[in-house]
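Heavy-atom basis, side chains included; hydrogens, waters and symmetry copies ignored.
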Amino acid sequence: MTDDKKTIFEFLKTVNHGVVGTVNKNGNPQGATVGFGQTENLELIFGTSVLTQKAENISQNNHVSFVVNDGTYAVQYEGTARLLEGAEKEKYTKIYFEKNPGMAKYYELESQGYYLVTPHWIRYIDHTKSPNGTIEIRL
């Protein structure tokens with residue numbers, strides 16, 4: 001893992017919630033706060049009912065944004081989301097629940113889905129060093 005990726009990964013480990021942005025079929029944006037987990041590859045995992053607007057939006061357009069901010073550091077993130085199934089669902093929800101154990105109660109709900117977001121672009125901002133505290137990665 002590069003130093004830049006490690007910096008981003010270590011920050012993401014410290015924050016449990018972020019805002020996922022999706023676009024509906026009419027091209028209108030929608031943002032929603034979600035709990036999330038992360039992998040060392042900087043993939044994000046989150047759960048939601050497949051009956052929600054964000055899940056419907058992802059089924060029609062899987063390009064998403066994600067913002068995580070603790071007031072001192074921030075990550076802006078663009079990527080693609082996909083609904084997890086089978087062994088992948090088991091693997092990634094384990095990571096998600098390690099960070100967010102209170103969310104495991106939703107796992108057995110029939111309408112619950114889990115999504116993996118693969119990054120294409122990430123910007124990390126260290127507000128204590130801004131404007132020089134920015135890392136930008138294209139993947």
Side-chain angles (χ1 to χ4, degrees):
M1 182 183 300
T2 67
D3 287 345
D4 288 349
K5 284 185 176 181
K6 184 172 176 54
T7 297
I8 295 166
F9 177 71
E10 292 300 322
F11 167 66
L12 290 173
K13 288 183 359 183
T14 69
V15 182
N16 287 12
H17 294 87
V19 176
V20 62
T22 61
V23 177
N24 70 19
K25 64 183 176 185
N26 296 321
N28 297 317
Q30 188 243 348
T33 301
V34 296
F36 73 93
Q38 68 288 319
T39 71
E40 289 187 2
N41 292 326
L42 304 179
E43 299 157 311
L44 302 178
I45 306 116
F46 71 93
T48 189
S49 168
V50 296
L51 305 175
T52 62
Q53 186 65 50
K54 64 186 156 293
E56 182 180 331
N57 293 348
I58 291 168
S59 73
Q60 297 169 24
N61 179 347
N62 69 343
H63 295 276
V64 301
S65 64
F66 219 94
V67 177
V68 179
N69 189 333
D70 73 356
T72 303
Y73 307 98
V75 166
Q76 300 167 335
Y77 184 110
E78 295 175 1
T80 52
R82 63 184 174 88
L83 185 63
L84 293 166
E85 297 179 5
E88 277 194 321
K89 179 179 173 183
E90 297 298 320
K91 173 185 172 183
Y92 289 109
T93 55
K94 181 178 178 184
I95 294 167
Y96 174 64
F97 294 143
E98 284 176 9
K99 185 174 179 182
N100 298 282
M103 303 307 278
K105 64 187 176 188
Y106 298 107
Y107 186 81
E108 297 299 326
L109 295 177
E110 188 176 316
S111 65
Q112 187 70 1
Y114 295 91
Y115 293 83
L116 181 70
V117 184
T118 303
H120 301 286
W121 172 85
I122 301 172
R123 177 181 290 144
Y124 169 85
I125 304 165
D126 178 343
H127 292 292
T128 68
K129 298 178 183 177
S130 198
N132 298 322
T134 300
I135 298 169
E136 193 167 315
I137 301 172
R138 293 209 177 270
L139 302 156

Checklist entry - Hydrophobic clusters join Ile, Leu, Val, Met, Phe, Trp and Tyr when side-chain heavy atoms are under 4.5 Å apart, directly or via other members; which others share one with F97? => result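 When side chains under 4.5 Å apart are linked, the cluster holding F97 also contains I45, L84, Y92, I95, Y96, M103, Y106, Y107, L109, Y114, L116.
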Item to check | Remaining members of hydrophobic cluster (4.5 Å side-chain criterion), V23 | outcome: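 When side chains under 4.5 Å apart are linked, V23 ends up in no cluster with other residues.
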Checklist entry - Under the salt bridge (charged side-chain N to carboxylate O under 4.0 Å, His left out) test, which residues partner E10, sequence neighbours left out? => result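 Residues passing salt bridge (charged side-chain N to carboxylate O under 4.0 Å, His left out) with E10: K6, K13.
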Next on the checklist: Could you work out, with salt bridge (charged side-chain N to carboxylate O under 4.0 Å, His left out) as the rule, every residue matching E88, not counting sequence neighbours?
Outcome noted: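 Here the qualifying residues are R82.
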Working to the nearest 0.5 Å, report the span between [atom1] of [X] and [atom2] of [Y].
X	Y	atom1	atom2	answer
Q60	N24	CD	CG	7.5 Å
L44	T39	CG	OG1	7.5 Å
N132	T128	CG	OG1	11.0 Å
I8	D4	CD1	CG	6.5 Å
I58	T52	CD1	OG1	7.5 Å
Y124	L12	OH	CG	9.5 Å

State which residues pass side chain to side chain contact (heavy atoms under 4.5 Å, CB included) with [X]; sequence neighbours excluded, sorted by chain then number.
X	answer
A32	V20, Q30, K54
S65	none
E110	none
T14	F11

Checklist entry - Which pair of heavy atoms, one from S49 and one from A55, lies closest together, and at what distance? => result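 Where S49 meets A55 most closely, the heavy atoms are O-CB, 3.5 Å.
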Item to check | Minimum heavy-atom distance between L83 and G113, given as atom pair plus value | outcome: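 Answer, listing the atom of L83 first, then G113: CD1-CA, 3.9 Å.
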Show me, pair by pair, the donor-acceptor contacts under 3.5 angstrom made by side chains of residues 69-76, not counting sequence neighbours?
{"unit_1": "N69", "atom_1": "OD1", "unit_2": "G71", "atom_2": "N", "d": "2.5"}
{"unit_1": "D70", "atom_1": "OD1", "unit_2": "T72", "atom_2": "N", "d": "2.9"}
{"unit_1": "D70", "atom_1": "OD1", "unit_2": "Y73", "atom_2": "N", "d": "2.7"}
{"unit_1": "Q76", "atom_1": "OE1", "unit_2": "R123", "atom_2": "NH1", "d": "3.2"}

Checklist entry - Hey, any chance V117 and V19 share a hydrophobic cluster, counting ILVMFWY side chains that come within less than 4.5 Å of each other, even indirectly? => result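 Different clusters.
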Checklist entry - Shared ILVMFWY cluster between V67 and I135, side chains joined below 4.5 angstrom? => result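 No, V67 does not connect to I135 through the hydrophobic network.
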Donor-acceptor pair, side chain of [X] and main chain of [Y], under 3.5 angstrom:
X	Y	answer
N41	E43	no
N100	F36	yes
Y77	V68	no

Checklist entry - Please, which pairs that meet ring-ring contact (aromatic ring centres under 6.0 Å, His included) have at least one residue in residues 12-35, sequence neighbours excluded? => result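 Sorted pair list comes back empty.
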Item to check | By side-chain hydrogen bond (donor to acceptor under 3.5 Å, both in side chains) - contacts of K91 (at least two apart) | outcome: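 K91: no side-chain hydrogen bond (donor to acceptor under 3.5 Å, both in side chains) contacts found.
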Checklist entry - What residues form a side-chain hydrogen bond (donor to acceptor under 3.5 Å, both in side chains) with T80, not counting sequence neighbours? => result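 Once residues adjacent in sequence are excluded, the partners of T80 under the side-chain hydrogen bond (donor to acceptor under 3.5 Å, both in side chains) criterion are H120.
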Next on the checklist: Using a 6.0 Å cut-off, check whether atom CG of N28 has over 12 heavy atoms from anything other than its own residue.
Outcome noted: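 Yes, because the 6.0 Å sphere around CG of N28 holds more than 12 heavy atoms from other groups.
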Item to check | K5 and L139, any side-chain heavy atoms less than 4.5 Å apart | outcome: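 Sidechains of K5 and L139: in contact.
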